[in-house]
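This report refers to the structure that appears directly beneath it.
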Amino acid sequence: TRLDSAEAPRYPAMAAEVSGAESASAVCSTSSLPLAALNVRVRRRLSLFLNVRTQVAADWTALAEEMGFEYLEIRHLETHADPTGKLLDDWQGRPGASVGRLLELLTKLGREDVLVELGPSIGAAEWWWLSLMITCKARNVTSRLSLHSASLLVPIRSD
């Protein structure tokens, strides 16, 4: 529901509202993508990379520290068969937890191998979430346009 350029000057408030909604949808990215959007397959693959303790690459414990988990919390996570999976589950409920933040932390830890391997899968989650957000925003804009439709019928004075 886009206004013609000829109609836009006559209805400036509505034109601004529509373009504002479109730009809000365009801004949506992995930075706001909730961790819940990562499917089980991606989480399992992430665990395959990070559950392995190694001297040459950051593992799940380094990620947990970067996420803000404390020593005793990390020690408790060690008791689980899949500490990375449990870490993601626990972190998911904390403020600031998002796919974008996870990618930032993996980059900070130098885990480009994980980013290269899982990037396409994470991108698929991003597109799923983005399409959902666009659908919700489109419904919102449509309902707001129908609320304002009465104002479209009022003639504009030219004096």
*Calculate, to the nearest 0.5 Å, the distance between atoms CH2 and CD belonging to Trp91 and Glu66 respectively.*
11.0 Å

*Looking at side-chain heavy atoms only, is the closest gap between Leu118 and Arg111 below 4.5 Å?*
no

*asked:* Less than 4.5 Å apart, side chain to side chain, heavy atoms only: is that true for Leu38 and Leu102?
replied: yes

*Side chains of Arg41 and Ser121: does their closest heavy-atom pair fall under 4.5 Å?*
yes

*Between Arg94 and Met67, what is the shortest heavy-atom contact and its length?*
NH1-O, 4.4 Å

*Can you find a heavy atom in the side chain of Thr61 that is under 4.5 Å from one in the side chain of Phe69?*
no

*asked:* If you compare all heavy atoms of Ala64 against all heavy atoms of Leu87, which two are closest, and at what distance to 0.1 Å?
replied: CB-CD1, 3.7 Å

*Tell me, do Arg101 and Leu35 make a side-chain contact under 4.5 Å, heavy atoms counted?*
no

_Donor-acceptor contact present, side-chain Asp59 to main-chain Thr54, <3.5 Å_ = no

*Any idea which heavy atoms bring Val99 and Pro34 closest together, and the distance?*
CG2-O, 3.6 Å

*With no hydrogens and no angle check, is any side-chain donor or acceptor of Glu65 less than 3.5 Å from a backbone partner on Ala62?*
no

_With clusters defined by side-chain heavy atoms of hydrophobic residues (ILVMFWY) lying less than 4.5 Å apart, directly or transitively, does Val42 cluster with Leu48?_
no

*Quick one: are Ser98 and Leu33 in side-chain contact, heavy atoms under 4.5 Å?*
no

*Do the side chains of Asp90 and Lys86 get nearer than 4.5 Å, heavy atoms only?*
yes

*Pair Asp89 + Arg43, salt bridge at N-O below 4.0 Å*: yes

*Mind checking whether Leu88 and Val52 sit in one hydrophobic cluster, side chains of I, L, V, M, F, W, Y counted as touching below 4.5 Å?*
no

_Beyond-backbone contact of Leu106 with Leu46, side-chain heavy atoms, under 4.5 angstrom_ = yes

*Closest heavy-atom pair and its distance - Gly85, Ser47*: N-OG, 3.5 Å

*For the residue pair Trp60 and Asn51, what are the closest heavy atoms and their distance?*
CD1-CA, 4.0 Å

